[in-house]
Amino acid sequence: MDRYASPGDEAADRARQQERHYQLLSALQSLVKELPSSFQQRLSYTTLSDLALALLDGTVFEIVQGLLEIQHLTEKSLYNQRLRLQNEHRVLRQALRQKHLEAQQTCRPHNLPVLQATQQRELEALEHRIREEQQAMDRKIVLELDRKVADQQSTLEKAGVAGFYVTTNPQELTLQMNLLELIRKLQQRGWQGGKAAL
């Protein structure tokens with residue numbers, strides 16, 4: 001058996017690749033029309049052509065799917081961490097209320113105003129602590145999500161996907177999200193292997 005493709009086979013493969021490239025490019029151009037006009041203007045023919053080339057072998061679809069799964073797992077984990085913190089805070093509030101109630105029940109009437117003032121300070125201190133912990137958790141969540149975005153940008157840039165590089169510029173992030181949406185729509189339409197499912 002001949003291990004090497006003949007020049008005719010190579011030409012046929014190049015022609016098939018070129019045809020798939022044009023089909024992908026055409027599909028991308030159709031999808032871009034669904035985007036807001038401000039983003040349509042930023043997606044040049046060259047950018048779309050480069051994106052179509054990156055999508056040809058299907059690897060980028062797999063990468064995007066993997067990144068999406070990692071993102072969902074990260075979001076779920078962060079959400080659960082925040083829920084745990086909220087539950088801890090709920091338990092702390094209940095315990096403090098119970099402690100205050102028991103103290104008030106055993107307190108002599110003439111000491112009640114002093115006890116209530118002390119309890120109010122304790123409650124305010126607990127609420128301050130809870131606010132601080134929630135803000136720290138929220139900052140942690142934002143930082144973790146920002147790191148995930150940078151990881152995704154870097155991965156897609158290394159994969160040669162047009163328009164992707166590490167940035168925090170809101171306009172560029174929105175453009176990248178639109179590019180990802182185009183890739184996801186192509187994927188949903190069966191383009192993973194470079195051709196649409198019939």
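All values derive from a computational prediction rather than experimental measurement. Here, residue 1 is the first one in the sequence, and each next residue gets the next number.
- The side-chain heavy atoms of K99 and E102, taken from C-beta on, include no pair separated by under 4.5 Å.
- E122 and H100 form a side-chain donor-acceptor contact under 3.5 Å, judged by distance and modelled atom types alone.
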Chi angles and distances behind the side-chain hydrogen bond (donor to acceptor under 3.5 Å, both in side chains) call for Q119, Q104: CA-CA 10 Å; Q119 288 178 341; Q104 288 174 10; 2.6 Å; yes

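- Across every non-hydrogen atom of D50 and A162, the tightest pair is CB-CB, 3.7 Å.
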Walk me through whether R14 and E10 qualify under side chain to side chain contact (heavy atoms under 4.5 Å, CB included). CA-CA 6 Å; R14 279 195 303 275; E10 289 177 13; 3.8 Å; yes

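- Between the side chain of Q153 and the backbone N or O of F164, no donor-acceptor pair lies under 3.5 Å.
- Here the side chains of H89 and L126 are not in contact, with every heavy-atom distance at 4.5 Å or above.
- Side-chain heavy atoms closer than 4.5 Å link hydrophobic residues (I, L, V, M, F, W, Y) into clusters, and following such links, possibly through other members, connects L145 to M137.
- You'll find the side chain of K148 stays beyond 4.5 Å of the side chain of Q71, heavy atoms only.
- When side chains are defined from C-beta on, E127 does not count as touching E124, because their heavy atoms never get closer than 4.5 Å.
- Side-chain contact, E69 with Q65: a donor N or O sits under 3.5 Å from an acceptor N or O.
- Side chain of H21 to main chain of S49: a donor-acceptor pair is present (N/O by atom type, distance under 3.5 Å, no hydrogens or angles).
- The backbone N or O of L73 lies less than 3.5 Å from no partner atom in the side chain of S77, so there is not a single donor-acceptor pair.
- Judged by distance alone, the side chains of E75 and Y79 never bring a donor and an acceptor atom under 3.5 Å apart.
- The shortest heavy-atom contact between V166 and E157 is N-OE1, 4.1 Å.
- How far CD of Q18 is from CG of D13: 13.0 Å, rounded to the nearest 0.5 Å.
- Formation of a donor-acceptor pair under 3.5 Å by the T47 side chain with backbone atoms of L43 is not found in this model.
- At a threshold of 4.5 Å between side-chain heavy atoms, the hydrophobic network of Ile, Leu, Val, Met, Phe, Trp and Tyr places L25 and V60 in one connected group.
- For the pair Q135 and R139, the minimum side-chain heavy-atom distance is below 4.5 Å.
- The local environment of CZ in R184 is crowded, with over 12 non-hydrogen atoms from other residues, nucleotides or ligands closer than 6.0 Å.
- For the residue pair Q86 / Q134, no side-chain donor-acceptor distance below 3.5 Å is found, with atom types taken as modelled.
- In this structure a side-chain-to-backbone donor-acceptor pair under 3.5 Å is present from N80 to K76.
- Hydrophobic clustering, with ILVMFWY side chains joined whenever heavy atoms are under 4.5 angstrom apart, groups L179 together with L53.
- A distance-only check finds a donor-acceptor pair linking the side chain of T118 to the backbone of V114 [under 3.5 Å].
- Between atom CG of residue L28 and atom CG of residue L186 there is a gap of 5.0 Å, rounded to the nearest 0.5 Å.
- Taking CD of E34 as the start and CD of E181 as the end, the distance is 9.0 Å to the nearest 0.5 Å.
- Between L24 atom CG and E19 atom CD the span is 10.5 Å, to the nearest 0.5 Å.
- With T59 contributing its side chain and L55 its backbone, the two residues share no donor-acceptor pair below 3.5 Å.
- Salt bridge absent: K140 and E144 never bring a charged side-chain N and a carboxylate O closer than 4.0 Å.
- The two residues L67 and Q152 come nearest to each other via the heavy atoms O-NE2, 3.7 Å.
- The shortest side-chain heavy-atom distance between L156 and L180 falls under the 4.5 Å cut-off.
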Check the pair R97, L123 against side chain to side chain contact (heavy atoms under 4.5 Å, CB included), reporting the backbone distance first and the verdict last. CA-CA 9 Å; R97 275 195 295 271; L123 181 61; 5.9 Å; no

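- Between the Q176 side chain and the T167 main chain, no donor and acceptor come within less than 3.5 Å of each other.
- Residues C107 and L115 share a closest heavy-atom pair of CB-CD2, 3.7 Å.
- Judged by distance alone, the side chains of Q116 and Q120 never bring a donor and an acceptor atom under 3.5 Å apart.
- Y45 and V32 fall within a single hydrophobic cluster, where Ile, Leu, Val, Met, Phe, Trp and Tyr are joined by side-chain heavy atoms under 4.5 Å apart, directly or via other members.
- Under a 4.0 Å N-O distance rule, the pair E172/R42 qualifies as a salt bridge.
- From D151, atom CG reaches atom OG1 of T74 across 9.0 Å, with rounding to the nearest 0.5 Å.
- Residues Q171 and F39 approach most closely at O-CE2, 4.3 Å, considering heavy atoms.
- Tested against N178 for a side chain to side chain contact (heavy atoms under 4.5 Å, CB included), the candidates L31, I183, L35 yield a single pass: L35.
- Closest non-hydrogen pair, G160 versus A54, comes out as O-CB, 3.6 Å.
- Between the CG atom in L56 and the CZ atom in R16 there is a gap of 13.0 Å [rounded to 0.5 Å].
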